Amino acid sequence: MIVKIAFISDIHGNAVALEAVLEDIKKKNIEKICVLGDICYRGPEPKRSLELIQSLQAEVIKGNADEWVVRGVRQGEVPNGAIEMMNKEREWIFSNLESTDIDYLSQLPTELHLNEHGIEIFAFHATPTSLFEVIPQNAEDSLLHEKVLSKKDATIYLYAHIHKPYIRYINSRVIMNIGSVGLPFDGVTKASYGIITIDESGFSTSIERVDYDTEKVMKHYREVGYPNADMMIQVLKNGRI
């Protein structure tokens, strides 16, 4: 029996990109979806993005941006010059959600464990011990071992957070970053997500890129009066922050 699992993350309130990714997943006949966090914050459609995720009956874990929606951005988590604007964005997001939405985000777990045909999968948002720590795609093997591989024995380790997808192999183990659905930072203006395919003989991993209507999302930022629209439109346009 073949098992296909789609891993998505960092939607950031971009429901248009999320819909495109979910349609791509459907076309590929993938029934199981896992979500690695950052659902609402920094996009023009926080409520619809959350509703789409909740409709999936997927396994969902918390990201740093979900934590920010719940309690705000704190000093030391972002550069000091960005805190005021980021909290203005957070207040706008918060005002567009219901109290039940905030409760949902607050109660999300922080890691995910799967075992399919003996293949252990360990997933988290940033690192196994932090929602905020940045592990870049070009990190030294020793750093990846210290921050990721030493925390739990698995075959495949998945994370998101950096918005730059990659797949690496260290000591017969796979480390995979699935990138971002709603705000890619690698210069490719297409939504990103990951697929793991497993059967009795082994497994494969892939990064998928999906076109979506970026112009529609840019326009939406302005229509809804998003407090940091100019910056976010540039990020979407360039695929970089």
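Note that this is a predicted model, so its numbers are computed, not measured. Start at 1 with the first residue, then count along the sequence.
Residue pairs meeting the salt bridge (charged side-chain N to carboxylate O under 4.0 Å, His left out) criterion with at least one partner in residues 176-194, sequence neighbours excluded, are D186-R209, K190-D211. Within the structure, the salt bridge (charged side-chain N to carboxylate O under 4.0 Å, His left out) test picks out the following pairs touching residues 171-181 (sequence neighbours left out): D153-R173. Every pair passing salt bridge (charged side-chain N to carboxylate O under 4.0 Å, His left out) that includes a residue from residues 230-241 is listed here, sequence neighbours excluded: R222-D230. Residue pairs meeting the salt bridge (charged side-chain N to carboxylate O under 4.0 Å, His left out) criterion with at least one partner in residues 104-118, sequence neighbours excluded, do not occur; the list is empty. Pairs engaging residues 6-19 under the side chain to side chain donor-acceptor pair (under 3.5 Å) rule: D10-H12, D10-H163, H12-D38, H12-H163, N14-Y212, E19-R48 [sequence neighbours left out].
V16 and I53 end up in the same hydrophobic cluster when Ile, Leu, Val, Met, Phe, Trp and Tyr side chains are linked at under 4.5 Å. At a threshold of 4.5 Å between side-chain heavy atoms, the hydrophobic network of Ile, Leu, Val, Met, Phe, Trp and Tyr places V188 and I233 in two separate groups. The cluster map of Ile, Leu, Val, Met, Phe, Trp and Tyr, joined by side-chain heavy atoms under 4.5 Å apart, puts M231 and V217 in the same cluster. I156 and I178 fall within the same hydrophobic cluster, defined by Ile, Leu, Val, Met, Phe, Trp and Tyr side-chain heavy atoms under 4.5 Å apart, directly or through other members. If you chain together hydrophobic residues whose side chains sit under 4.5 Å apart, L18 and M218 fall into the same group.
Atom OG of S142 sits about 8.0 Å away from atom CG of L144, to the nearest 0.5 Å.
Taking 4.0 Å as the cut-off between side-chain N and carboxylate O, E215 and K219 do not count as a salt-bridged pair.
Scanning both residues, G182 and L236, for their nearest heavy atoms gives O-CD2, 3.4 Å. Summarising the geometry of V69 relative to F94, their closest heavy-atom pair is O-CD1, 3.4 Å, with the distance given to 0.1 Å. Of all heavy-atom pairs between L158 and I121, the closest is CD1-CG2, 3.2 Å. L52 and S55 make their closest contact through O-OG, 2.6 Å (heavy atoms, listed as atom of the first residue, atom of the second, distance). Of all non-hydrogen atoms in F132 and S130, the two that sit nearest each other are N-OG, 2.9 Å. Residue A58 comes nearest to I33 through the heavy atom pair CB-O, 3.0 Å, listed as atom of the first residue, atom of the second, then distance.
Residues passing the side-chain contact (heavy atoms from CB on, under 4.5 Å) test with V224, sequence neighbours excluded: P44, W92, H220, Y226. Remark: V73 engages Y41, W68, E77, V78, M86, N87 in a side-chain contact (heavy atoms from CB on, under 4.5 Å) (not counting sequence neighbours). A search for side-chain hydrogen bond (donor to acceptor under 3.5 Å, both in side chains) contacts involving S206 returns E208, not counting sequence neighbours. For D213, there are no salt bridge (charged side-chain N to carboxylate O under 4.0 Å, His left out) partners at least two apart in sequence or on another chain. Remark: I162 engages V134, Q137, Y159, K164, Y166, N177 in a side-chain contact (heavy atoms from CB on, under 4.5 Å) (not counting sequence neighbours). Residues that satisfy the ring pair (Phe, Tyr, Trp, His ring centres under 6.0 Å) test with H145, not counting sequence neighbours, are absent from this structure. A search for side-chain contact (heavy atoms from CB on, under 4.5 Å) contacts involving I2 returns K4, T197, D199, not counting sequence neighbours.
For K28, the NZ atom counts as densely surrounded, since its 6.0 Å shell holds more than 12 non-hydrogen atoms of other residues, nucleotides or ligands. Under a cut-off of 6.0 angstrom, the local environment of CD in E200 is crowded, with over 12 non-hydrogen atoms contributed by other residues, nucleotides or ligands. The environment of CD in E223 is crowded: more than 12 heavy-atom neighbours from other residues, nucleotides or ligands sit within 6.0 Å.
The side-chain heavy atoms of M176 and R168, taken from C-beta on, include no pair separated by under 4.5 Å. With contacts defined as side-chain heavy-atom distances shorter than 4.5 Å, the pair K152/H113 qualifies. Put simply, the side chain of I25 reaches to within 4.5 Å of the side chain of Y193, judged on heavy atoms. In this structure, the side chains of P184 and T189 stay at 4.5 Å or more apart for every pair of heavy atoms. Between I61 and V35, the closest side-chain pair of non-hydrogen atoms is not below 4.5 Å. The side-chain heavy atoms of I175 and I135, taken from C-beta on, include no pair separated by under 4.5 Å. The shortest distance between side-chain heavy atoms of V174 and F203 falls below 4.5 Å. Residues L105 and K62 form no side-chain contact, since every pair of their non-hydrogen atoms from C-beta on lies 4.5 Å or further apart.
In this structure, S106 contributes its side chain and I102 its backbone to no donor-acceptor pair below 3.5 Å.
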